[in-house]
Protein chains: 2
Amino acid sequence: MAEAIKRGEKLSVLAYKKIEEMILNGELKPGERLNEHRFSVKYGLSRGPVREACRALERDGLVVSSPGRGVVVRQVTPKELYEIYDLRALLTGFMCQLAAQKCNEGGAAKLKKLNEEMKSAIEANNSEEYYKTNLEFHELIAKLAENETAHKVYNRLVKETHAHRFAVLDPEITIKQHAYIIEAIENQDADEARKRGEEHVLAGKERWLKRINEDGDGTHS
Amino acid sequence: MAEAIKRGEKLSVLAYKKIEEMILNGELKPGERLNEHRFSVKYGLSRGPVREACRALERDGLVVSSPGRGVVVRQVTPKELYEIYDLRALLTGFMCQLAAQKCNEGGAAKLKKLNEEMKSAIEANNSEEYYKTNLEFHELIAKLAENETAHKVYNRLVKETHAHRFAVLDPEITIKQHAYIIEAIENQDADEARKRGEEHVLAGKERWLKRINEDGDGTHS
DNA sequence: AATCAGTAAACTGTCAACAGTTTACTGTAG
DNA sequence: CTACAGTAAACTGTTGACAGTTTACTGATT
């Protein structure tokens, strides 16, 4: 019994979304092959739109393909992760700078609220909520920055690595660093906001580096 | 008589390259529609691979599509150009910083050589050569930076805007700014290299802003 | 002259079929 | 036991056909 994809949008778009979802929720693991024939049978559509979706996924860095061998969920190497961390730091800093230049009291208040929610989530041992609210925090900064291109580039980098569980959480440090960032934004100190935004992500990178030096491994399930 | 695409690589990849080339060399203009039926007849392949190529081009930001209406070469708005300028400045600065941290005397010498060649090209009134060597200069910085992810993101941004002739050339300033950048890289002064790299691109942005304020137009043929 | 309705052609999105390639398995030889 | 060759099934890349949508054109009405 095929799980028919609900029609309405172009099938190639729906296929993209479904495959993306499968990658982001771990159903498809890095290194794992996507069988377009089986996917099309399972979801009740022809292979054409599946192939189109795969081309898009490939350009977005979520999968890798070789002629004759279909597509495989992309495995991001430690070197790539290292590079992506630096770029995320750069972009986060940039967006914090812009947010400091552009945002009003309402924006800073919302950031504070999210950071408080993260604190509450940790105190309640709810790491799912903590993680989700952390994403919202960074999403809000990107919104306040009002540079849609930067936002897109940033999101793409985040998505490229999402299938890999490489983040080393340290809520205490994170919440504190968020508060420093908020302070700089509130004070409309763009240079300081940029610096603190970069440092925040680079701190995460250092934690990761420390962990791989202990584990000899770039990922964590 | 179809201009058959030479086979060997996947047809979808060849179609991507052909369409990309047509966009970058101005044969396909921003706002212009790509007719997949006509393209397939002209180049002697079926529509399937053309469609796959279009999905890839779309994800790369070179074209835009709407259901039922095929793909149109993307028109980049002045706001987008503004944003992209800022991101290019950010990435250029970052790569200059890395280059200053990583490169040896050979690298700086090559940059000097390219800057001299640009100077010669201008003196000989050869703007084609000047433009080409300028691209090589920036390409070399990206290479010396050794962050492939940054390089890719940068190239993508450059390509997204390439169909638009928005750059306002000022060779005298450019060559001087390149020399400042080279100096900082040679001195392995990463912070200064980053600052000078950013300023160099932001100077180009200012020239463009000045021009659109005079023309009320974001592009230039 | 401008607008609307109808019609046909062209185009786009999808499907199923075909041919070549890759994978998986089995049997044989060293 | 390992390596190689052969075979068949499954899969990938491409093609052409079909159906629905969009575009372009014509004629009628205001």
| query | Centre of Tyr16(A)'s six-membered ring, under 6.0 Å away, within 45 degrees of the axis: is that where NZ or CZ of Arg59(B) sits? | reply | yes
| said: Rounding to an integer number of Å, can you tell me how far Arg47(B) CZ sits from dG13(C) P? | reply: 8 Å
| task | Mind calculating the distance between CZ (Phe39(A)) and P (dT12(D)) to the nearest angstrom? | result | 13 Å
| query | What is the distance from CD of Glu36(A) to C1' of dA10(D), rounded to the nearest Å? | reply | 12 Å
| query | Does Arg69(A) place a side-chain N or O at less than 4.0 Å from the phosphate oxygens OP1/OP2 of dT23(C)? | reply | yes
| request: For the residue pair His151(B) and Glu146(B), confirm or rule out a side-chain donor-acceptor distance under 3.5 Å. | output: no
| field | Under-4.0 Å salt bridge between Lys79(A) and Glu148(B) | value | no
| message | Expressed as a whole number of angstroms, how long is the span from Leu14(B):CG to dT15(D):P? | response | 11 Å
| said: Side-chain N or O of Ser46(B) versus OP1/OP2 of dT15(D): is the shortest distance under 4.0 Å? | reply: yes
| message | Could you go through Lys113(B) and Glu117(B), starting from their C-alpha distance and side-chain angles, then the distance that decides it, and tell me whether this counts as salt bridge (charged side-chain N to carboxylate O under 4.0 Å, His left out)? | response | CA-CA 6 Å; Lys113(B) 185 162 184 291; Glu117(B) 282 172 21; 3.0 Å; yes
| field | Criterion side chain to side chain contact (heavy atoms under 4.5 Å, CB included) on His178(B) and His138(B), from CA distance to verdict | value | CA-CA 10 Å; His178(B) 282 184; His138(B) 285 274; 3.6 Å; yes
| Glu58(A) side chain to Ser65(A) side chain, donor-acceptor N/O pair below 3.5 angstrom | yes
| field | Note: Lys17(A)-Glu21(A) ion pair, threshold 4.0 Å (strictly below) | value | no
Between protein and nucleotides 5-8 of chain C, what N or O pairs are separated by less than 3.5 Å?
none

| request: To the nearest Å, give me how far apart CG (Leu11(B)) and P (dT12(D)) are. | output: 17 Å
| field | Length of the CZ-P vector between Arg38(B) and dT23(D), whole Å | value | 14 Å
| query | For DNA chain D, which residues in residues 48-59 of chain B have a heavy atom at a distance below 4.0 Å? | reply | Gly48(B), Pro49(B)
| said: Rounded to whole Å, how long is the line connecting atom OH of Tyr16(B) with atom P of dT14(D)? | reply: 17 Å
| task | Check whether any side-chain nitrogen or oxygen of His37(A) sits under 4.0 Å from OP1 or OP2 of dA10(D), and answer yes or no. | result | no
| message | Between the side chains of Lys152(B) and Glu160(A), is the shortest nitrogen-to-carboxylate-oxygen separation below 4.0 Å, so that they form an ion pair? | response | no
| task | Can you tell me the distance, in whole Å, between the CZ atom of Arg33(B) and the P atom of dT22(D)? | result | 11 Å
| field | Comparing Ser12(A) and Pro67(A) on DNA chain C - which has the more 5′ nearest nucleotide | value | Ser12(A)
| field | Audit row: Glu136(B), Lys132(B), salt bridge (charged side-chain N to carboxylate O under 4.0 Å, His left out) steps and yes/no | value | CA-CA 6 Å; Glu136(B) 281 175 42; Lys132(B) 178 171 145 286; 3.4 Å; yes
